[in-house]
Amino acid sequence: MGARIVTFVNQKGGVGKTTTAVSVSAALGRRGQRVLLVDLDPQANASSAAGIDGRDRNGVYEALLEEVPATDCIVRVPGDQFDLIPSSSALAGAEVELVPAMARERRLAAALNPLRDRYDWIFVDCPPSLGLLTINALTASDSVVIPVQCEYMALEGLSRLMETLELVRRALNPGLSVLGVVLTMFDARTRLAQQVVDEVRGHFTTQVFQTVIPRAVRLSEAPSHGISIFQYDPGGRAATAYDALAGELLGRVEVPA
Ligand SMILES: Nc1ncnc2c1ncn2[C@@H]1O[C@H](COP(=O)(O)OP(=O)(O)OP(=O)(O)O)[C@@H](O)[C@H]1O
Ligand SMILES: [Mg+2]
């Protein structure tokens with residue numbers, strides 16, 4: 001069957017989409033899985049966190065809008081064991097340039113489908129919006145992982161996200177499922193964080209991964225060095241948590257949705 005395509009999505013900004021996408025890619029790569037990460041965010045945070053400068057090379061913009069084959073947009077991430085299709089600031093224009101394009105919602109699906117037999121996992125990191133780029137990711141994907149930050153108003157916006165998933169199922173991609181909800185930036189010292197965990201588990205029940213990602217300064221430092229947490233702080237709390245999450249992802253594949 002080939003790669004499962006999984007999008008990290010939440011239109012709320014700064015909830016840990018990119019950190020989770022990069023860390024899970026590195027974790028599964030280290031476990032011997034063949035992983036491709038697609039940076040679909042014009043902010044290019046995943047690309048820079050992986051130490052890749054998306055300027056002056058083909059990336060996801062060229063694959064979406066200039067008919068460059070996705071195979072020609074792949075770069076191996078140095079030091080970590082996964083591949084990347086980088087973003088660049090040109091992607092900011094794609095949201096507008098896609099509007100009049102043919103099959104505008106299916107561009108990413110068309111670009112990624114030929115890559116399915118080369119990988120076990122293709123992950124997509126989304127911008128914090130529900131615009132055409134995110135719709136492309138949802139149309140291309142088998143499932144989504146929703147990072148939720150353990151902060152005040154954690155559930156805010158999630159009903160709108162669920163509505164969007166339902167609209168995409170009806171119009172574009174009937175097979176789209178929720179692989180899971182991951183709680184991020186958990187601070188054990190605050191009562192609020194535990195309240196959020198309880199609230200999210202109450203709402204999403206078994207969809208919530210057992211692994212909770214701790215708030216860890218090392219995770220916020222690693223991107224500026226262009227390396228994953230598995231190189232920056234191997235064996236630390238954050239690396240251990242993301243490796244456990246990767247293990248849960250592997251387990252969930254074996255159980256059909
Ligand atoms: N568990 C964590 N502990 C500490 N800092 C974290 C953690 N997870 C993420 N961060 C930091 O929080 C900020 C937001 O995280 P991240 O970029 O992963 O979120 P995002 O959802 O991708 O944001 P955006 O919506 O802008 O794309 C970043 O500076 C990141 O380094
Ligand atoms: Mg991000």
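Residues: numbered from 1 along the sequence shown. Below, each value reflects all heavy atoms present in this structure, side chains not excepted, and no hydrogens, waters or symmetry copies.
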For this session: Output, in order, the C-alpha distance, side-chain angles, deciding distance and verdict of salt bridge (Lys or Arg N to Asp or Glu O under 4.0 Å) for Asp142 and Arg116.
Result: CA-CA 12 Å; Asp142 300 301; Arg116 275 205 199 241; 2.9 Å; yes

Over 12 non-hydrogen atoms of neighbours within 6.0 angstrom of [atom1] in [X]:
X: Arg55; atom1: CZ; result: no
X: Asp56; atom1: CG; result: no
X: Arg76; atom1: CZ; result: yes
X: Glu67; atom1: CD; result: no

If you define the side chain from C-beta out and look only at heavy atoms, does anything of [X] sit under 4.5 Å from [Y]?
X: Trp121; Y: Leu249; value: yes
X: Ser23; Y: Leu245; value: no
X: Tyr242; Y: Thr20; value: yes
X: Phe82; Y: Leu28; value: no
X: Thr19; Y: Met185; value: no
X: Thr134; Y: Gln11; value: no
X: Leu91; Y: Leu64; value: yes
X: Asp39; Y: Ile52; value: no

Is there a path of hydrophobic side-chain contacts, each under 4.5 Å between heavy atoms of I, L, V, M, F, W or Y residues, that connects [X] with [Y]?
X: Leu36; Y: Leu250; result: no
X: Leu179; Y: Leu37; result: yes
X: Tyr119; Y: Leu112; result: yes
X: Tyr152; Y: Leu155; result: yes
X: Phe8; Y: Ile85; result: no

To the nearest 0.5 Å, how far apart are [atom1] in [X] and [atom2] in [Y]?
X: His203; Y: Thr205; atom1: NE2; atom2: OG1; answer: 9.5 Å
X: His225; Y: Asp233; atom1: NE2; atom2: CG; answer: 11.0 Å
X: Leu130; Y: Leu161; atom1: CG; atom2: CG; answer: 6.0 Å
X: Ile135; Y: Thr164; atom1: CD1; atom2: OG1; answer: 6.0 Å
X: Arg252; Y: Gln207; atom1: CZ; atom2: CD; answer: 8.0 Å
X: Ile146; Y: Asn10; atom1: CD1; atom2: CG; answer: 7.5 Å

Problem set entry | NZ/NE/NH1/NH2 to OD/OE distance under 4.0 Å, Arg34 and Asp83 |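 A salt bridge is absent here (no side-chain N lies under 4.0 Å from a carboxylate O).
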
Exercise. Do Asp41 and Ser87 have side-chain N/O donor and acceptor atoms under 3.5 Å apart?
Worked result: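 No, Ser87 and Asp41 have no side-chain donor paired with an acceptor closer than 3.5 Å.
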
Taking all non-hydrogen atoms of both residues into account, name the closest pair between [X] and [Y] and its distance.
X: Ser25; Y: Ala21; answer: OG-O, 2.7 Å
X: Val15; Y: Pro147; answer: CG2-O, 3.6 Å
X: Cys126; Y: Ala137; answer: SG-CB, 3.7 Å
X: Asn45; Y: Ser48; answer: O-OG, 3.3 Å
X: Val6; Y: Ser141; answer: C-OG, 4.2 Å
X: Arg57; Y: Glu62; answer: O-OE1, 4.1 Å

Exercise. Can you check salt bridge (Lys or Arg N to Asp or Glu O under 4.0 Å) on Arg169 and Glu166, steps first, answer last?
Worked result: CA-CA 5 Å; Arg169 266 184 216 112; Glu166 185 53 33; 2.9 Å; yes

Problem set entry | Step-by-step side chain to side chain contact (heavy atoms under 4.5 Å, CB included) determination, Arg106 to Leu172 | CA-CA 8 Å; Arg106 298 189 192 275; Leu172 295 158; 3.7 Å; yes

For this session: Apply side-chain hydrogen bond (donor to acceptor under 3.5 Å, both in side chains) to the pair Asp125 and Thr18, showing each step before the final yes or no.
Result: CA-CA 6 Å; Asp125 183 33; Thr18 301; 2.7 Å; yes

Exercise. When Val145 is tested against each of Val9, Thr7, Val178, Val182 for side chain to side chain contact (heavy atoms under 4.5 Å, CB included), which residue passes?
Worked result: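 Testing Val145 for a side chain to side chain contact (heavy atoms under 4.5 Å, CB included) against Val9, Thr7, Val178, Val182 leaves exactly one candidate, Val182.
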
Between [X] (side chain) and [Y] (backbone), is there a donor-acceptor pair under 3.5 Å?
X: Glu95; Y: Leu133; answer: yes
X: Thr211; Y: Ala241; answer: no
X: Asn58; Y: Cys73; answer: no
X: Asn136; Y: Arg107; answer: yes

Exercise. Run the side chain to side chain contact (heavy atoms under 4.5 Å, CB included) check on Gln149 and Lys12 step by step: do they pass?
Worked result: CA-CA 10 Å; Gln149 188 182 353; Lys12 195 187 267 196; 5.7 Å; no

Exercise. Which is it for Arg189 and Arg215 under the side chain to side chain contact (heavy atoms under 4.5 Å, CB included) test, yes or no, and what are the steps along the way?
Worked result: CA-CA 10 Å; Arg189 295 166 304 181; Arg215 180 175 284 285; 5.5 Å; no

Exercise. Is there any ring pair (Phe, Tyr, Trp, His ring centres under 6.0 Å) pair reaching into residues 26-70, and which pairs are they, with sequence neighbours excluded?
Worked result: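 As it turns out, there is no ring pair (Phe, Tyr, Trp, His ring centres under 6.0 Å) pair with a partner in residues 26-70 once direct neighbours are skipped.
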
Problem set entry | Steps toward side chain to side chain contact (heavy atoms under 4.5 Å, CB included) verdict (Leu115, Ile74) | CA-CA 10 Å; Leu115 300 180; Ile74 296 169; 4.1 Å; yes

